[in-house]
Amino acid sequence: MKSVVRPASVRRWRPVLTAVALCTTAAFAVAAQSDPLKRADHIHLPTLGDTARVDLSPVVERKLGEEIMRDIRRDRDYLDDEPISEYLNNFGNGLVAAAPGARGETNADFHFFAVRDAALNAFALPGGFIGAHSGLVIAAQTESELAGVVAHEIGHVTQRHIARMLGQQRQDILLPLASMILAALAAKAGSDAAMGVLMGGQGLVVQRQLNFSRDAEREADRVGFQIMEAGGYDTTGIVAFFRRLQNASKLYGELPTGLSNLSSHPLTQERISDMQARIREMPKKQRVDSLDFHLVRARIRVLQEPSEQGQRNTRSAFNTQLRETHRHQQAGAQYGLAYLALKQGNLADAQSWLDKSRETMKPREGVLSVASNVGDGATMYAGLAIEIKMAPGQPASVLAEAVKEAETMHARFPLSRSLAHQYADAMIATGKLDEATRFLRDQSQQYREEYKLQDLLAKAYAKQGKIALQHMALAESYVLAGATPAAMAQLELARKARDASFYDQAVIDARARELEAQQKKDKEEKDD
């Protein structure tokens, strides 16, 4: 199945994503090797050789990933949606935490994100950045299916396949060079074999790279399967996902007999057989999906196709989903219709559908249910309710309710970054600027890598008329986004602001010197 929308940043980085980032489809989730699987609580990951360490150190690997991420974040198809990002990071890091050793020898910090793309795909970038296409999340019918794909990508990072691939490419570059020399000598001698010699050398390089890629996939399969099992997910669900891929996407065509070993990835049927053999050795597990999973899928479906026709298709999909008997499916469809109505500016319908979704998930008499604040949809329901109350056109009384609700929910879920940002935004919208700036300054000290806190701080300062502080906050936001020249420009504007105090000037000068030194250091590293 071809991708309907392809992010420009991904197009720009296509060579990197293909040759370095090990971009893999959802069908590569959890295939197995023939040797017995070790227990998930005793995962032993191999230590890589010196080649990987020399070619791409963990520090350089992380910086490369950050550089690619800066470009992706600027693309219009990067899904900069906080509830989605929060779910993916809680979900992904939960998998990492469940399996000892999953962070690998580099002790990688993982970050998970989504891009708007209908292809059933996920990919790992250098340094622990893992992206999921919107089409993949929508296609996954259970959280266990999604876990299989994400765990596979974690396996790529854990095993440092990018560093290992670069190490092999450095060796393989000698092969085409030798072929070119031989071809030149043959041509000088007037031989017709020159092109054959050259193509033969290139073919050997391609075959070696394919073999490495296939081995990397198998290794990621093994590690991913262990991570998935350690997280308590149902390993049988991924087989159904493979079947659906095989029938619906037609992503992998059948190759002639004897040519499967020339593919960089085994055939889908081969992987299904491998997984079925592996699963037979495992005890059966039943895992109930979190409500958050179904709500996030609905939210992503709305954001995937923003066009008018896309919205009509989305509404039709939700109406079909409403006929499902599973309460989580119904609640997800109702939440999706609420979010779709909000996007279309129909606030009454948005609130009505949100209320219906909450009602659907209320405990029913005579039905056993387990109360939990983990994955039960509480933060996502609260976030959408606040979004509706803060939508353009709402009266001041409703905005005041939004502030109270945001304050209550932030106190209940202090680790939710989405709710924290909403609380600050609500205070700014209702003119509680002093409270907002105090809250944001405190938050920015705790979460120093969140550029959105600096953006909100700049917004609050602008409403207060504090121009110097506004530009200083924007400068920090640009620094976190990797746009150092823009940050320097903001500091210059802050320096020229009429309200810049002597203390402000000193802070601006010191920060400018730091950024200049950092720019010089970055340039030297790139030159190296």
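For the numbers below, each heavy atom of this structure counts, side chains included, while hydrogens, waters and symmetry mates do not.
- A ring-centre distance under 6.0 Å is not found for Tyr339 and Tyr381.
- Residue pairs meeting the side chain to side chain donor-acceptor pair (under 3.5 Å) criterion with at least one partner in residues 430-440, sequence neighbours excluded, are Asp434-Gln464.
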### Task
Run the numbers on Tyr233 and Phe91 for ring pair (Phe, Tyr, Trp, His ring centres under 6.0 Å), then give the verdict.
CA-CA 12 Å; Tyr233 289 92; Phe91 176 73; 5.8 Å; yes

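- In this structure, the side chains of Thr379 and Met409 stay at 4.5 Å or more apart for every pair of heavy atoms.
- When only modelled atom types and interatomic distance are considered, Ser477 and Asp455 share a side-chain donor-acceptor pair under 3.5 Å.
- For the pair Arg70/Glu67, a side-chain contact is recorded, criterion being any heavy-atom separation below 4.5 Å from C-beta on.
- Residues that satisfy the side-chain contact (heavy atoms from CB on, under 4.5 Å) test with Ile388, not counting sequence neighbours, are Leu342, Ala350, Gln351, Leu354, Leu384, Gln394.
- Side-chain atoms of Arg448 and Gln454 include no donor-acceptor pair closer than 3.5 Å.
- The ring pair (Phe, Tyr, Trp, His ring centres under 6.0 Å) test applied to His111 returns no partner, not counting sequence neighbours.
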#### Entry: Working for side chain to side chain contact (heavy atoms under 4.5 Å, CB included), residues Ser352 and Lys356
CA-CA 6 Å; Ser352 175; Lys356 288 177 182 177; 3.8 Å; yes

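- The closest side-chain donor-acceptor pair between Glu305 and Thr314, if any, does not fall under 3.5 angstrom.
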### Candidate pair Ile300 and Asp81, rule side chain to side chain contact (heavy atoms under 4.5 Å, CB included), full reasoning
CA-CA 9 Å; Ile300 287 180; Asp81 183 83; over 6 Å; no

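- Annotation: the span from Leu340 atom CG to Asp349 atom CG amounts to 10.0 Å, rounded to 0.5 Å.
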### Query
Yes or no on side chain to side chain contact (heavy atoms under 4.5 Å, CB included) for Thr484 and Val479, after CA distance, side-chain angles and deciding distance?
CA-CA 5 Å; Thr484 307; Val479 169; 5.6 Å; no

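- The NZ atom of Lys452 sits 15.5 Å away from atom CG of Leu457, with the distance rounded to the nearest 0.5 Å.
- Here Gln304 contributes atom CD and Asp117 contributes atom CG; the two are 8.0 Å apart, rounded to the nearest 0.5 Å.
- A distance of 4.5 Å separates CD1 of Ile386 from CD of Gln422, quoted to the nearest 0.5 Å.
- Across every non-hydrogen atom of Ala298 and Phe318, the tightest pair is O-CZ, 3.5 Å.
- A donor-acceptor contact closer than 3.5 angstrom links the side chains of Gln321 and Gln329.
- Glu153 places none of its side-chain heavy atoms less than 4.5 Å from the side chain of Phe112.
- Minimum interatomic distance between Ser144 and Asp289 (heavy atoms only, all atoms of both residues): N-OD1, 4.3 Å.
- Between His410 and Glu407 there is no side-chain heavy-atom pair separated by less than 4.5 Å.
- Checked by atom type, the side-chain pair Gln443/His421 shows no donor-acceptor distance below 3.5 Å.
- Going from atom CG of Leu79 over to atom NE2 of His133 covers 10.5 Å, rounded to the nearest 0.5 Å.
- Counting all heavy atoms, side chain and backbone alike, Val302 lies closest to Gly336 at CG2-O, 3.7 Å.
- Rounded to the nearest 0.5 Å, atoms CD (Glu450) and CG (Leu456) are 10.0 Å apart.
- At most 12 heavy atoms of other shown residues, nucleotides or ligands fall within 6.0 angstrom of atom CD in Glu449.
- Arg73 has no carboxylate O lying under 4.0 Å from a charged side-chain N of Asp80, or vice versa, which leaves the two without a salt bridge.
- No more than 12 heavy-atom neighbours from other residues, nucleotides or ligands sit within 6.0 angstrom of CD on Glu308.
- Both the sub-6.0 Å distance and the 45° axial angle are not jointly satisfied by Arg116 relative to the ring of Tyr78.
- Between the side chain of Ser444 and the backbone N or O of Leu440 there is at least one donor-acceptor pair closer than 3.5 Å.
- Between Phe439 and Tyr423, the distance separating the two ring centers is shorter than 6.0 angstrom.
- Under a 3.5 Å cut-off, the side chain of Arg327 and the backbone N or O of Lys362 do form a donor-acceptor pair.
- For the pair Gly332 and Leu295, the tightest heavy-atom approach, listed with the atom from each and the gap, is CA-CD2, 4.0 Å.
- When all heavy atoms are compared, the tightest approach of Ala331 to Leu291 is CB-CD1, 4.2 Å.
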### Message
Pair Phe293, His328 - check ring pair (Phe, Tyr, Trp, His ring centres under 6.0 Å), show working.
### Response
CA-CA 9 Å; Phe293 168 69; His328 281 58; 9.6 Å; no

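- Ionic pairing of Glu405 and Lys389 is present here: one or more N-O contacts between side-chain nitrogen and carboxylate oxygen are shorter than 4.0 angstrom.
- Between Phe225 and His152, the gap from one ring centroid to the other reaches at least 6.0 Å.
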### Query
After noting the C-alpha distance and the side-chain angles of His471 and Tyr461, does the key distance pass the side chain to side chain contact (heavy atoms under 4.5 Å, CB included) rule?
CA-CA 9 Å; His471 289 299; Tyr461 283 141; over 6 Å; no

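- Between Leu453 and Tyr447, the closest side-chain pair of non-hydrogen atoms falls below 4.5 Å.
- Side-chain contact between Val157 and Leu125: absent, with no pair of heavy atoms (C-beta onward) separated by less than 4.5 Å.
- In this structure, Asp376 and Asp292 have side chains that are not in contact, with every pair of non-hydrogen atoms separated by 4.5 Å or more.
- Salt-bridge formation is detected for the pair Lys459/Asp425: a Lys NZ or Arg NE/NH1/NH2 atom is positioned less than 4.0 Å from an Asp or Glu carboxylate oxygen.
- Side-chain contact between Ile130 and Leu88: absent, with no pair of heavy atoms (C-beta onward) separated by less than 4.5 Å.
- Asn107 places no side-chain N or O within donor-acceptor distance of the main-chain N or O of Arg103, the cut-off being under 3.5 Å.
- Counting only distance, with no hydrogens or angles, the side chain of Ser416 and the backbone of Phe413 share no donor-acceptor pair below 3.5 Å.
- The minimum heavy-atom distance linking Leu64 with Pro126 is given by the pair CD2-CG, 3.7 Å.
- At a cut-off of 3.5 Å, with distance as the only test, a side-chain donor of Ser290 or Glu143 sits close to an acceptor on the other residue.
- If you check the side chains of Glu86 and Asn90, you find no donor sitting under 3.5 Å from an acceptor.
- At a cut-off of 3.5 Å, with distance as the only test, a side-chain donor of Thr360 or Gln334 sits close to an acceptor on the other residue.
- Ion pairing between a basic and an acidic side chain is recognised when a charged N comes within 4.0 Å of a carboxylate O; Arg287 and Glu145 show no such pairing.
- Under a 4.0 Å N-O distance rule, the pair Glu66/Lys63 does not qualify as a salt bridge.
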